[in-house]
Amino acid sequence: MITAEHFLSVAFWAGELAPEAFERARRGIVERSFAKGAYLWHRGDRFDHWTGVADGLVKVATVSKTGKAMTFAGIRTGGWFGEGSILKDEPRQYDVVALRDTRLVMMNRATFVWLLDHSVGFNRFLVRQLNERLGQFMALVEYDRTLDAPARLARTLGWLFDPVLYPRAGSVLEITQEELGLLCGLSRQSANEAVKVLERKGILRVEHGAITALDPLRLQRFGE
DNA sequence: CCATTAAACACCC
DNA sequence: GGGTGTTTAATGG
């Protein structure tokens, strides 16, 4: 179980819950740490928790039958994910890997279902999040075939600066170019090159181990 | 061939 | 020490 302050600090949507729902949610959450490189779960696992990133960075990916790696999303501190498997009560569809040392907060299924049945605030949050994700996945369709390296990196970054998914995130993201490469399927050199192209275009600023988004909206739509 | 990447190295926060 | 910029050799489409 986690404290009320901690809950509020890792779940921006917790503020939308009525007192009873807030308390139920808090009691249904436990925290757990994962080392860099560790799998939070594999495709096919039964993992009965809805999950938030309290601190860290995580990659949601799969490998196709032909062996091709495919990244669906990166989740940074403050992000919540995995509601699909809980809602449908089915095994995980994707692998999830910690790209750096990461602390997770995990809500058990019974609590999630109770919130779904009793909390309007929780449902509003979920609908908003699912709708936003839908938009991202539609953008993924053209991602692989038609976009060059800078455009792919820009969009990957755009998701990490999504104001609906990360309303308190601000414009600075602590991320290394190696981690960025892992997220969008580029080598470190290519990620470095792509990031400099985008800096020259004035839509972001590169710092040591961090990226500042000067224009988050243009990041998401880059290459359109 | 050309493009990309892994590996190795030297800087610098 | 970890992250970054660059070179070089290997790799693969």
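Lettering of chains follows the sequences in order, A, B, ..., and the numbering in each one begins at 1.
Within 4.0 Å (heavy atoms only), A:Gln189 reaches at least one base atom of the nucleic acid.
A:Ser190 has a side-chain polar atom (N or O) that falls below the 4.0 Å cut-off from OP1 or OP2 of B:dT5. Dashed line: the shortest gap from a side-chain N or O of A:Lys36 to OP1 or OP2 of C:dG2 is not under 4.0 Å.
Summarising the geometry, the separation between CG on A:Leu186 and P on B:dT4 is reported as 10 Å, rounded to the nearest angstrom. Rounded to whole Å, the distance from CZ on A:Arg188 to P on B:dT4 is 17 Å. Taking atom CD of residue A:Glu178 and atom P of nucleotide C:dG1, one finds them 17 Å apart after rounding to whole Å. In this structure, the CG atom of A:Asn192 is 14 Å from the P atom of B:dA6, given to the nearest Å. Going from atom CD1 of A:Ile175 over to atom C1' of C:dT4 covers 15 Å, rounded to whole Å. Rounded to an integer number of Å, the gap from A:Leu180 CG to C:dG5 C1' is 16 Å. C:dG2 atom C1' lies 11 Å from atom CD of A:Glu179, rounded to whole Å. A:Glu174 has its CD atom 17 Å from the P atom of B:dC13, to the nearest Å.
A:Arg76 forms a cation-pi arrangement with A:Phe161, by the criterion of a distance under 6.0 Å to the ring centre and an angle within 45° of the ring axis.
At a threshold of 4.5 Å between non-hydrogen side-chain atoms, the residues A:Phe222 and A:Leu198 count as touching.
Using a 4.0 Å cut-off between a side-chain N of Lys or Arg and a carboxylate O of Asp or Glu, A:Glu193 and A:Lys196 do not qualify as a salt bridge. With salt bridges taken as basic N to acidic carboxylate O contacts below 4.0 Å, none links A:Arg128 and A:Glu132.
Candidate nucleotides B:dA6, B:dC13, C:dT6 were compared by shortest atom distance to the side chain of A:Ser187, and B:dA6 ranks first.
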